[in-house]
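Quick notes on the structure that follows.
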Protein chains: 4
Amino acid sequence: MPNANPRSGDSQPAVRRRGRPRGDEARVAILEAAYAVLEEGGLVGFTIEGVAARAGAAKTTIYRWWPSRESLAVAAFLSVALPRISFSTTGSAANAIRSQMRRLVAVYSGKTGRVVRDLVAAGNSDPTAAAAFVESYVRQRRQAVREVLQRGIDAGEFRAEIDMEAAIDALYGPVFYRLLVGHGPLEKAWTMSVADLVLDGLTPDPFSAPGEEHFNANSLDPLSAGPIPSS
Amino acid sequence: MPNANPRSGDSQPAVRRRGRPRGDEARVAILEAAYAVLEEGGLVGFTIEGVAARAGAAKTTIYRWWPSRESLAVAAFLSVALPRISFSTTGSAANAIRSQMRRLVAVYSGKTGRVVRDLVAAGNSDPTAAAAFVESYVRQRRQAVREVLQRGIDAGEFRAEIDMEAAIDALYGPVFYRLLVGHGPLEKAWTMSVADLVLDGLTPDPFSAPGEEHFNANSLDPLSAGPIPSS
Amino acid sequence: MPNANPRSGDSQPAVRRRGRPRGDEARVAILEAAYAVLEEGGLVGFTIEGVAARAGAAKTTIYRWWPSRESLAVAAFLSVALPRISFSTTGSAANAIRSQMRRLVAVYSGKTGRVVRDLVAAGNSDPTAAAAFVESYVRQRRQAVREVLQRGIDAGEFRAEIDMEAAIDALYGPVFYRLLVGHGPLEKAWTMSVADLVLDGLTPDPFSAPGEEHFNANSLDPLSAGPIPSS
Amino acid sequence: MPNANPRSGDSQPAVRRRGRPRGDEARVAILEAAYAVLEEGGLVGFTIEGVAARAGAAKTTIYRWWPSRESLAVAAFLSVALPRISFSTTGSAANAIRSQMRRLVAVYSGKTGRVVRDLVAAGNSDPTAAAAFVESYVRQRRQAVREVLQRGIDAGEFRAEIDMEAAIDALYGPVFYRLLVGHGPLEKAWTMSVADLVLDGLTPDPFSAPGEEHFNANSLDPLSAGPIPSS
DNA sequence: AACTAAGCGAGACGGTACGTCCCGTCTTTAG
DNA sequence: CTAAAGACGGGACGTACCGTCTCGCTTAGTT
């Protein structure tokens with residue numbers, strides 16, 4: 001996905017190559033149209049021609065910047081979905097994770113979930129797009145979880161020797177599992193069951209290190225509500 | 001996916017309707033060709049015309065029995081992949097789960113994983129096919145896990161009040177997460193970390209009910225190796 | 001240009017191959033649309049997509065039967081323009097030629113001339129189409145001229161030792177020259193000058209074989225007016 | 001074809017407009033590249049982008065000076081092909097014509113013929129280019145023929161009342177006919193047949209004015225070989 | 001010397017048509 | 001009635017060029 005966001009990073013505005021510079025209007029119009037099409041019709045209805053028509057752009061302009069349908073879809077998603085679901089920084093790590101998962105599941109139950117599902121499927125037929133999705137979306141979110149887990153470890157809330165990656169997969173794998181396979185709904189109660197179960201596995205044995213107990217997961221941490229994408 | 005297996009059910013072989021009877025040859029040839037195509041080219045290369053050509057069948061014959069590309073793919077997979085990865089019935093439930101997960105991950109690391117990934121993606125654009133996949137493949141396997149979990153509960157190995165569905169999702173969700181999203185490899189060590197973590201969450205607190213400990217997960221249960229699809 | 005006219009020739013109507021037989025409707029609709037487009041917009045406006053749209057046919061159907069834009073153009077012309085400009089069979093051969101040339105030039109001054117010009121140009125970029133045009137259109141017309149010339153030779157009107165092909169080229173070459181290069185108009189008087197000039201070259205020396213003289217080329221042979229394509 | 005050769009004609013070199021004067025390098029590079037492309041790929045392969053790339057020029061520079069692909073092609077041809085096939089000025093007019101036709105046909109049998117064919121076709125889709133081709137190429141050559149014919153008339157070799165334009169068309173029409181329509185090859189023997197036939201029509205009746213006879217057309221006029229384009 | 005207009009290369013852009021792949025439906029013959 | 005064959009209308013693909021446009025740089029005059 002070359003140039004998906006050519007402005008980021010390097011700050012040499014004077015490098016000015018020859019020829020007419022790339023216009024931002026086309027780029028933005030295409031990405032917005034792409035996201036709209038993706039949300040409306042899913043991957044099935046997501047055609048380059050459709051996006052071009054809606055963006056008022058030429059197909060060639062799209063192909064100039066994005067090598068495939070899939071990478072355009074990913075780029076469109078990333079340009080819109082970057083506002084992430086944040087973690088509470090107060091209270092226990094376990095509760096921060098619980099409340100974030102609750103909100104994540106709420107978001108994934110809506111349009112955004114549909115789109116994420118489509119993007120994962122898209123990655124199936126374009127490894128490059130899959131890599132972009134993982135690098136720009138998945139990895140970043142996992143990093144945030146990693147930090148919260150580390151905070152929990154530092155506070156003695158979680159065992160020190162846990163396999164961090166496995167822990168993250170254990171927490172969020174079930175959510176993606178249901179989102180992608182669709183064998184069951186993404187419900188709040190189920191989410192809490194999964195969270196409690198895995199967090200319990202992360203917690204030290206009670207007699208040796210009695211961590212903070214949680215009594216009513218749902219009513220805890222009322223201030224932690226971070227921004228939720230409009231989805 | 002109507003007619004995926006029209007022979008099952010009713011047992012009145014003498015009714016013999018008029019006209020040329022449906023030949024099994026075409027059905028079998030199509031399913032075999034379909035699976036071969038699916039395995040070779042993935043969903044991308046999986047076209048009705050391609051399957052018809054390879055099967056020496058007419059497109060119409062395919063359309064007569066399967067409503068869509070996706071449901072044909074699912075049917076082809078089911079006709080081949082039904083031999084499941086079984087659980088050991090001796091030893092502890094936890095170890096049965098551990099060893100089965102190990103073998104499942106091994107299988108999903110190969111061609112079968114590729115195909116399963118494709119089928120989940122296919123389900124994305126054909127809800128009917130998705131439902132068939134879930135009903136015939138996912139649910140059945142989850143049922144087997146459910147039974148092992150119940151055995152563990154009955155034996156006092158696992159807590160009685162666990163949320164069964166959440167537990168299954170917590171165990172297998174991470175595997176599908178990595179299989180489908182592809183942010184990390186399906187490795188044996190990782191699998192064991194996840195299994196241990198979640199199983200720990202299922203185990204009663206040690207002071208109240210010290211369940212059977214596992215010492216060497218890898219060498220346990222040497223007899224449990226069930227049939228593994230050729231994949 | 002395979003199958004441009006599959007009905008002609010062989011008469012084995014019972015050979016009936018398997019599969020849905022080729023429908024005449026599509027073929028006819030395409031040829032008619034093609035000719036209409038050709039006449040309206042010339043070669044420039046002659047696009048497969050345009051023809052398909054006007055014919056209510058799919059592009060694939062066109063490509064199934066005609067390998068190129070050019071061969072479609074030729075086929076369309078041939079399906080319409082086969083009614084030829086005939087020769088008078090009464091009177092002198094010279095006068096038959098004169099009157100036919102007059103009518104040919106009249107026809108080539110109209111839409112038909114435009115189309116013929118386009119077809120010759122088309123042949124430039126598709127040798128196959130060029131060959132088809134020559135075989136089906138040019139050769140046949142030349143054959144008719146050849147017969148008239150032979151009649152003239154037999155009657156002693158023309159010299160016996162003339163180079164037949166050269167004679168035909170000398171008579172009609174000038175017409176195509178002006179039609180294609182466009183350096184001068186196709187006018188009646190000019191046509192008669194050319195005809196007289198060349199026919200004079202074909203005539204035996206007057207003292208040895210005084211052929212029939214023509215006095216008023218324009219008023220001769222009033223009965224010879226054959227059918228003229230509507231062009 | 002405005003500006004095809006903006007330096008020619010008006011002789012006010014002092015008018016010097018402001019700004020950077022037009023450089024000859026680009027003009028020459030473009031014309032040379034254009035002719036090369038035309039000769040290599042014919043009209044089909046003749047694209048503005050191709051010429052620009054080969055010339056190392058920008059498309060805009062081409063569009064600044066030539067309004068269309070066709071006019072560029074004509075300009076490129078004219079810049080190269082101006083050396084004409086000259087007529088012998090000694091001997092009879094008839095023999096001058098005969099030998100020039102022989103050489104013309106030889107040239108048209110090679111690459112130059114291909115190019116001329118393409119240019120005539122090009123004229124079909126751009127009347128302006130067609131006009132330029134006729135004015136700069138065809139007319140000039142016809143003028144030369146006209147002079148030779150006049151010489152013949154003055155010498156009593158040809159009839160005085162001949163229609164000059166018709167005579168030229170009768171002589172050269174057959175050559176273009178075969179070149180453009182391609183129904184027969186451009187051969188020496190055929191050329192001589194045509195020339196003899198038409199020249200015979202131009203000659204006064206033998207008893208009244210026995211013009212110079214030609215006995216061995218091929219060996220006559222060995223000195224008349226004018227410059228022949230390399231083609 | 002500074003200014004200004006044009007020439008020129010580069011390349012972005014909206015656009016048209018291409019020729020191809022596959023879709024899903026249909027009409028026919030063979031068994 | 002099933003099955004194979006294949007014609008057909010259709011949608012989208014990814015590509016090649018089109019002709020226009022906006023840039024930066026260069027090359028001369030003019031002031």
Side-chain angles (χ1 to χ4, degrees), chain A residues 16-27 29-30 46-50 52-53 55-65 67-69, chain B residues 16-23 25-27 29-30 45-50 52 55-65 67-69, chain C residues 16-27 29-30 46-50 52-53 55-65 67-69, chain D residues 16-27 29-30 45-50 52-53 55-65 67-69:
Chain A
R16 277 274 172 206
R17 299 185 329 283
R18 292 237 274 175
R20 176 174 171 178
R22 181 178 184 186
D24 231 35
E25 290 168 28
R27 206 191 99 258
I30 288 167
F46 188 82
T47 67
I48 298 279
E49 298 209 331
K59 272 202 292 179
T60 39
T61 302
I62 296 181
Y63 281 112
R64 202 176 348 256
W65 303 111
S68 70
R69 189 176 91 106
Chain B
R16 276 283 171 199
R17 304 196 304 288
R18 293 221 295 175
R20 176 172 171 177
R22 178 177 183 189
E25 291 165 29
R27 208 191 98 259
I30 288 167
F46 188 82
T47 67
I48 298 280
E49 297 207 333
K59 278 199 292 178
T60 34
T61 305
I62 295 181
Y63 282 111
R64 199 174 350 254
W65 303 110
S68 72
R69 186 177 93 108
Chain C
R16 278 278 173 200
R17 301 188 324 287
R18 291 238 272 175
R20 175 174 172 176
R22 181 177 184 185
D24 233 33
E25 291 169 27
R27 206 191 98 260
I30 288 167
F46 188 81
T47 67
I48 299 279
E49 297 209 332
K59 274 201 293 179
T60 39
T61 302
I62 295 181
Y63 281 112
R64 204 180 342 263
W65 302 111
S68 70
R69 188 176 91 106
Chain D
R16 277 286 174 194
R17 303 195 307 294
R18 294 227 291 174
R20 176 176 173 177
R22 180 178 183 184
D24 233 33
E25 290 167 28
R27 207 191 99 259
I30 288 167
F46 189 81
T47 67
I48 298 280
E49 298 209 331
K59 277 199 293 177
T60 35
T61 304
I62 296 180
Y63 282 112
R64 200 174 351 254
W65 304 111
S68 72
R69 188 177 92 107

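First the proteins, then the strands, lettered A, B, ... as listed; each starts at 1. Computed from a predicted model, the values in this text were never measured in an experiment. What's counted below: heavy atoms across the whole structure, side chains too, no hydrogens, waters or symmetry copies.
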Exercise for the section: Could you check how far CZ of Phe46(B) sits from C1' of dC22(E), rounded to whole Å? Expected result: 13 Å

Exercise for the section: Please test Ile62(B) against Lys59(B) for side chain to side chain contact (heavy atoms under 4.5 Å, CB included), starting from the C-alpha separation and ending with a verdict. Expected result: CA-CA 5 Å; Ile62(B) 295 181; Lys59(B) 278 199 292 178; 5.7 Å; no

Practice task
Just compare dG14(F), dG9(E), dG14(E) and give me whichever is closest to any side-chain atom of Tyr63(A).
Solution key: dG14(F)

Handout entry: Atom-to-atom span, CD1 of Ile62(A) to P of dA16(F) - whole angstrom
Key = 18 Å

Practice task
Would you kindly give the CZ-to-P distance between Arg27(C) and dC8(F), to the nearest whole Å?
Solution key: 10 Å

Exercise for the section: Among the candidates dC23(E), dC26(E), dA3(F), find the nucleotide nearest to the side-chain atoms of Arg20(C). Expected result: dC26(E)

Handout entry: d(CZ, Arg69(A); C1', dC13(F)) in whole Å
Key = 11 Å

Handout entry: Spacing of Arg64(A) atom CZ relative to dC13(E) atom C1', expressed in whole Å
Key = 6 Å

Completion exercise
Taken to the nearest whole Å, NZ/Lys59(B) to C1'/dC26(E) is 11 Å

Exercise for the section: Quick one: label Ala52(C) by what it contacts on the DNA or RNA (base, sugar-phosphate, nothing), any heavy atom closer than 4.0 Å. Expected result: nothing

Exercise for the section: State whether the distance check finds a donor on one side and an acceptor on the other, under 3.5 Å, for side chain Thr60(C) versus base dG10(F). Expected result: yes

Handout entry: d(CD1, Ile48(D); P, dA10(E)) in whole Å
Key = 16 Å

Handout entry: For the student: nearest non-hydrogen atoms of Ala58(C) and Ala52(C), plus distance
Key = C-CB, 4.2 Å

Exercise for the section: Report yes if at least one side-chain N or O of Thr61(D) is closer than 4.0 Å to OP1 or OP2 of dG9(E); otherwise report no. Expected result: yes

Fill in the blank from the handout: Of Gly50(C) and Gly23(A), the one whose closest nucleotide on DNA chain E sits nearer the 5' end is Gly23(A)

Practice task
Would you mind telling me which residue lines up with the more 5' stretch of DNA chain F, Ser68(D) or Thr47(A), judged by nearest nucleotide?
Solution key: Thr47(A)

Problem - Residues in side-chain contact (heavy atoms from CB on, under 4.5 Å) contact with Ala57(C), at least two apart in sequence or another chain - result: Ile30(C), Ala55(C)

Problem - Nearest-neighbour nucleotide for the Trp65(D) side chain, dG6(F), dA4(F), dC8(E) considered - result: dC8(E)

Exercise for the section: Grab the CD-P distance between Glu49(A) and dC13(F) for me, whole Å please. Expected result: 5 Å

